Amino acid sequence: MARFRFAAPSSSEITPEHVYLRRRELLGSAVAFAPALLLGCDRGTSAAPAAAAPVPASPFGKVLRSPYRTDEALTELEDVTAYNNYYEFGTEKDDPARQSKQFVAKPWHVDIAGEAEVTGRFSFEDLVKPHAPEERIYRLRCVEAWSMVIPWIGFGLGDLLARFKPTSKAKYVAFTTLHDPDRMPGQRRGVLNWPYREGLRIDEAMNPLSMLAIGLYGRELPNQNGAPLRLVVPWKYGYKSIKGIVRIEFVEEQPPTAWNDSAPNEYGFYSNVNPEVKHPRWSQKSERRISQASGIFGSRIATLPFNGYGKDVAALYAGMDLRRFH
Ligand SMILES: Nc1nc2c(c(=O)[nH]1)N[C@H]1C(S)=C(S)[C@@H](COP(=O)(O)O)O[C@H]1N2
Ligand SMILES: [Mo]
């Protein structure tokens with residue numbers, strides 16, 4: 001495997017799902033008969049495709065392998081798509097997978113509005129087409145103290161936003177999820193003030209780590225993960241990564257956000273992963289990585305400031321009291 005890895009370094013193809021799955025089989029069985037082979041692997045990364053696995057067509061065409069990637073073990077596809085938070089489809093972790101089965105994320109439009117030179121309604125296809133899809137492997141840290149490592153397909157949010165030429169009044173970007181109780185059964189209950197809304201300061205939105213995801217594990221985004229497009233902001237708690245986006249608005253004032261709205265003492269606007277700021281109901285100092293290798297919930301690991309992305313984003317908050325602006 002190690003040899004294969006170096007024999008094929010130039011592949012910019014996405015690591016396809018069946019390679020991940022095959023790799024998982026290899027990892028599962030290799031322990032029994034070939035520990036040396038396993039050790040030779042690039043442990044826990046998807047950078048090493050399983051030997052001789054054919055590369056199937058991707059729904060995205062060519063996918064670039066982004067340098068934005070952690071080399072930690074991936075959370076298995078089964079868990080990424082079975083253990084979700086998406087209150088539009090129910091509040092239990094297994095609700096979104098079950099209750100989003102009928103959801104059809106097509107046709108899909110996104111309204112671009114507010115302080116920008118270019119505004120209007122764009123089809124999902126028109127929005128996505130100019131952007132070369134890339135695979136980025138990010139940690140997602142939920143405020144509930146579990147985390148996953150997910151190979152997303154998408155592109156930089158900033159690249160998309162720049163197309164609309166935000167004006168100097170665009171200090172924040174506000175995002176809104178589809179509001180359609182007929183198609184999103186969870187919205188028939190008032191557990192949140194629908195529609196789900198999120199926001200970023202414009203410099204956070206333009207930071208190259210912020211991405212719009214349209215897929216994961218080489219496939220289109222599953223409904224329960226936010227089809228057809230959702231935000232992924234890896235240095236913030238998971239709830240900032242809003243799913244099923246239908247509106248992006250450039251605004252001058254800090255916009256309201258769903259969780260801050262419903263429990264302001266628990267959820268601030270910034271929501272940067274911060275082990276030093278305690279959630280009123282639980283510590284944020286550690287997390288359990290969801291992984292089948294070590295039981296569905298792996299052992300506890302220390303949570304890192306900014307979810308480990310401090311090198312790239314800490315400067316955004318220079319001089320700010322991050323306890324106050326939590
Ligand atoms: N519209 C919407 N987006 C949402 C949520 C939600 O309930 N509704 N849940 C958030 C939370 S709390 C988390 S942890 C992540 C989970 O993403 P995943 O299910 O793809 O892992 O989605 C976030 N995005
Ligand atoms: Mo979350």
Side-chain angles (χ1 to χ4, degrees), residues 74-100 103 105 108 110 136-154 174-181 183-187 189-200 210-217 219-248 256-263 266-268 271-273 279 281-282 284 287-291 296-297 303 307:
L74 299 177
T75 298
E76 280 80 356
L77 175 67
E78 291 87 332
D79 295 325
V80 171
T81 56
Y83 192 88
N84 300 101
N85 272 335
Y86 199 173
Y87 278 22
E88 285 82 345
F89 293 103
T91 54
E92 298 299 318
K93 298 289 177 269
D94 58 346
D95 281 341
R98 287 186 297 107
Q99 301 209 56
S100 71
F103 186 75
W108 194 270
V110 179
R136 299 181 173 198
I137 302 179
Y138 280 160
R139 291 179 285 270
L140 183 144
R141 168 59 158 85
C142 180
V143 75
E144 294 164 277
W146 46 265
S147 60
M148 299 192 187
V149 178
I150 302 175
W152 301 103
I153 311 287
F175 302 86
T176 311
T177 297
L178 176 69
H179 188 204
D180 188 346
R183 296 160 70 200
M184 294 181 144
Q187 289 178 336
R189 292 169 52 208
V191 288
L192 285 173
N193 192 5
W194 309 114
Y196 197 101
R197 286 165 303 168
E198 259 307 336
L200 296 170
S210 296
M211 81 180 289
L212 269 180
I214 56 173
L216 53 79
Y217 270 105
R219 49 162 65 186
E220 287 176 353
L221 205 57
N223 287 338
Q224 60 267 41
N225 296 95
L229 85 162
R230 57 93 54 88
L231 217 57
V232 181
V233 190
W235 72 93
K236 294 177 180 281
Y237 291 115
Y239 58 87
K240 297 297 281 187
S241 291
I242 182 175
K243 300 175 172 180
I245 296 167
V246 293
R247 184 180 172 84
I248 300 176
T257 61
W259 281 104
N260 180 252
D261 214 30
S262 87
E266 300 191 11
Y267 308 102
S271 312
N272 294 317
V273 173
H279 183 283
R281 288 181 285 140
W282 45 71
Q284 297 291 29
E287 66 204 58
R288 288 167 181 271
R289 181 63 48 79
I290 295 184
S291 101
I296 278 284
F297 287 107
T303 291
N307 203 20

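One-based numbering along the sequence shown. No hydrogens, no waters, no symmetry mates; every other heavy atom, side chains included, goes into these values. Predicted, not measured: the structure shown is a model, and the values here were computed from it. Start at 1 and go down the list; that is how both ligands and their atoms are numbered.
At the top of the distance list for atom 7 (O) of ligand 1, counting protein heavy atoms only, stands Y87 N, 2.8 Å. Among all protein heavy atoms, the one lying closest to atom 15 (C) of ligand 1 is G238 O, 3.6 Å. For atom 6 (C) of ligand 1, the closest non-hydrogen atom on the protein side is Y196 CE1, 3.3 Å. Of all protein heavy atoms, the one lying nearest to atom 8 (N) of ligand 1 is E88 OE1, 2.8 Å. Counting only heavy atoms of the protein, atom 22 (O) of ligand 1 lies nearest to K243 CE, 3.3 Å. Counting only heavy atoms of the protein, atom 9 (N) of ligand 1 lies nearest to N85 O, 3.2 Å.
By the 4.0 Å N-to-carboxylate-O rule, K93 lies close enough to E144 to be salt-bridged with it.
Judged by distance alone, with hydrogens and angles left aside, the side-chain atoms of R139 form a donor-acceptor pair with the main-chain N or O of N307 at under 3.5 Å.
Among all heavy-atom pairs drawn from P185 and Q99, the shortest one is CG-OE1, 3.7 Å.
Within the 4.0 Å heavy-atom criterion, the part of T177 lying near ligand 1 is the side chain and not the backbone. Counting heavy atoms closer than 4.0 Å to ligand 1, residue R230 contributes side-chain atoms (C-beta onward) but none from N, CA, C or O. Neither the backbone nor the side chain of E144 comes within 4.0 Å of ligand 1, counting heavy atoms alone.
Just one of Y239, Y196, W259 meets the ring-ring contact (aromatic ring centres under 6.0 Å, His included) condition when paired with Y87; it is W259.
Between F103 and F89, the distance from one ring center to the other falls under 6.0 angstrom.
In the vicinity of I242, heavy-atom distances shorter than 4.0 Å reach the ligand 1 atoms 3 (N), 24 (N). Set against the non-hydrogen atoms of C142, the atoms of ligand 1 under 4.0 Å away are 14 (S). Ligand 1 places these atoms under 4.0 Å from at least one heavy atom of N225: 18 (P), 20 (O).
In terms of polar-atom proximity, N84 is counted as a contact of ligand 1, with an N or O under 3.5 Å from an N or O of the ligand.
Rounding to the nearest 0.5 Å places OG1 of T257 at 9.5 Å from CD1 of I242.
Between T176 and R197, the side chains place no donor N or O within less than 3.5 Å of an acceptor N or O (distance only, hydrogens not considered). A donor atom on one side chain and an acceptor atom on the other are not found under 3.5 Å apart for R219 and Y217.
For S241, the heavy-atom gap to ligand 1 drops under 4.0 angstrom.
Counting non-hydrogen atoms of other residues, nucleotides and ligands closer than 6.0 Å to CZ of R98 gives a total above 12.
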